[in-house]
Amino acid sequence: MAEISAAAKLPSSGDKLPSENLWAGSMTAIALLLVGVVIYTSAHWGFHPPSQVETIDSTALHTGGEFSEANLGTVIAPDGSALVRVVAQQYAFVPSCLVVPTGTPVTIRLASADAVHGFLIQGTNVNAMVVPGYVTTVHTTFKDPGERLMPCHEYCGVGHQAMWARVRVVEPSSFPTDADKQKAVNCAS
Ligand code: CUA
């Protein structure tokens, strides 16, 4: 029987087979396509990673400061923009219903009183985590009036699936403009 030499059957390290080039080329093309899709969707939908690092003492939210009870809800700034403050805790958002104006820049600031929570608002690019010890700030604008769901999307304990809030989008005229009368507004007020 003829002796089979393994060395003679294998290409030397300097050779490239056409199939190898095809493989490398198609993998590079797929990788570039995926990077392109990420860049396009990020730009088109305004996705971006949270960039602010603002710390807060999560164990003392209720004792005063920005996230004390009286400050939770929506206030309208002199320039007409809206600022909403929300506390996320096991297993509710406080307030459980946010009122926001249409056609107005809205800033939402959240802090967690306990575990890691997450939230998103239907039909917007709002989607972020709320990590104890940090303030989460998101910006958006609501075009149309109506009501949207804001579920917690980060598993935070046995009551996670029941943790969600509503966002009620109303005409800006529904908010008091008189600075004296203005206080944080939620759906109950
Ligand atoms: Cu809070 Cu899940």
Side-chain angles (χ1 to χ4, degrees), residues 41-56 58 61-114 116-132 134-154 156 160-189:
T41 52
S42 305
H44 184 71
W45 294 106
F47 293 155
H48 51 83
S51 53
Q52 89 291 346
V53 179
E54 198 180 333
T55 56
I56 193 164
S58 277
L61 295 181
H62 58 287
T63 61
E66 182 181 351
F67 290 91
S68 60
E69 198 176 347
N71 288 336
L72 301 181
T74 307
V75 289
I76 305 295
D79 67 0
S81 65
L83 172 62
V84 191
R85 292 190 183 90
V86 181
V87 167
Q89 60 188 32
Q90 290 165 320
Y91 298 99
F93 291 100
V94 183
S96 61
C97 178
L98 287 51
V99 195
V100 294
T102 53
T104 303
V106 175
T107 299
I108 307 175
R109 287 170 62 78
L110 290 94
S112 166
D114 38 49
V116 175
H117 300 277
F119 76 110
L120 61 81
I121 301 176
Q122 257 184 334
T124 71
N125 67 342
V126 173
N127 185 336
M129 286 169 73
V130 190
V131 181
Y134 296 90
V135 177
T136 298
T137 304
V138 297
H139 306 277
T140 192
T141 299
F142 296 87
K143 268 192 223 149
D144 306 310
E147 207 156 277
R148 297 191 166 83
L149 287 180
M150 185 178 114
C152 175
H153 63 53
E154 203 64 48
C156 52
H160 161 72
Q161 80 285 352
M163 180 171 175
W164 53 276
R166 284 173 298 139
V167 177
R168 185 175 292 168
V169 188
V170 299
E171 297 297 334
S173 58
S174 307
F175 288 88
T177 48
D178 186 341
D180 297 339
K181 286 185 195 148
Q182 199 173 64
K183 61 181 185 75
V185 169
N186 60 53
C187 297
S189 45

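Only this structure's heavy atoms are used, side chains among them; waters, hydrogens and symmetry mates stay out.
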> Short question: side chain of Ser81, backbone of Pro105 - any donor-acceptor pair under 3.5 Å?
Replying inline: no

> Hey, mind stepping through Val167 and Phe142 against side-chain contact (heavy atoms from CB on, under 4.5 Å) and telling me if it holds?
Replying inline: CA-CA 10 Å; Val167 177; Phe142 296 87; 4.1 Å; yes

> Judged by atom type as modelled, is there a donor-acceptor pair below 3.5 Å linking the side chain of Thr136 to the main-chain atoms of Met129?
Replying inline: yes

>> Which residues pass the side-chain hydrogen bond (donor to acceptor under 3.5 Å, both in side chains) test with Thr102, not counting sequence neighbours?
In response: none

>> Minimum heavy-atom separation for Ala111 and Val130, please, with both atom names.
In response: C-CG1, 3.6 Å

>> Checking the side chain of Asn71 only, and the main-chain atoms of Gly65 only, is there a donor and an acceptor separated by less than 3.5 Å?
In response: yes

> About how many Å separate CG of Leu98 and OG1 of Thr74, when rounded to the nearest 0.5 Å?
Replying inline: 5.5 Å

>> Between Arg148 (side chain only) and Ile121 (backbone N and O only), is there a donor and an acceptor less than 3.5 Å apart?
In response: no

> What's the shortest heavy-atom distance between Ala82 and Thr104, and which atoms?
Replying inline: N-CG2, 4.0 Å

>> Apply side-chain contact (heavy atoms from CB on, under 4.5 Å) to residues Leu149 and Arg166 and explain how you reach the verdict.
In response: CA-CA 5 Å; Leu149 287 180; Arg166 284 173 298 139; 4.2 Å; yes

>> Using the rule given for side-chain contact (heavy atoms from CB on, under 4.5 Å), can you reason through Thr137 versus Thr107, listing the C-alpha separation, both sets of side-chain angles and the distance that settles it, and then say yes or no?
In response: CA-CA 7 Å; Thr137 304; Thr107 299; 3.6 Å; yes

> Which value, rounded to the nearest 0.5 Å, describes the distance between His62 atom NE2 and Ser68 atom OG?
Replying inline: 11.0 Å

> OG1/Thr124 to CE/Met150 distance, rounded to the nearest 0.5 angstrom?
Replying inline: 10.0 Å

> To the nearest 0.5 Å, how far apart are CG in Leu61 and CG in Asp114?
Replying inline: 9.0 Å

> Do any pairs count as a salt bridge (charged side-chain N to carboxylate O under 4.0 Å, His left out) and have a residue in residues 98-112, sequence neighbours left out, and if so which ones?
Replying inline: Glu54-Arg109, Glu66-Arg109

>> Measuring from atom OH of Tyr134 to atom OG of Ser58, what distance do you get when rounded to the nearest 0.5 angstrom?
In response: 10.0 Å

>> Tell me whether His117 contacts the main-chain N or O of Glu154 through its side chain, where contact means a donor paired with an acceptor under 3.5 Å.
In response: no

> Looking at SG of Cys156 and CD of Gln89, how far apart are the two atoms once the value is rounded to the nearest 0.5 Å?
Replying inline: 11.0 Å

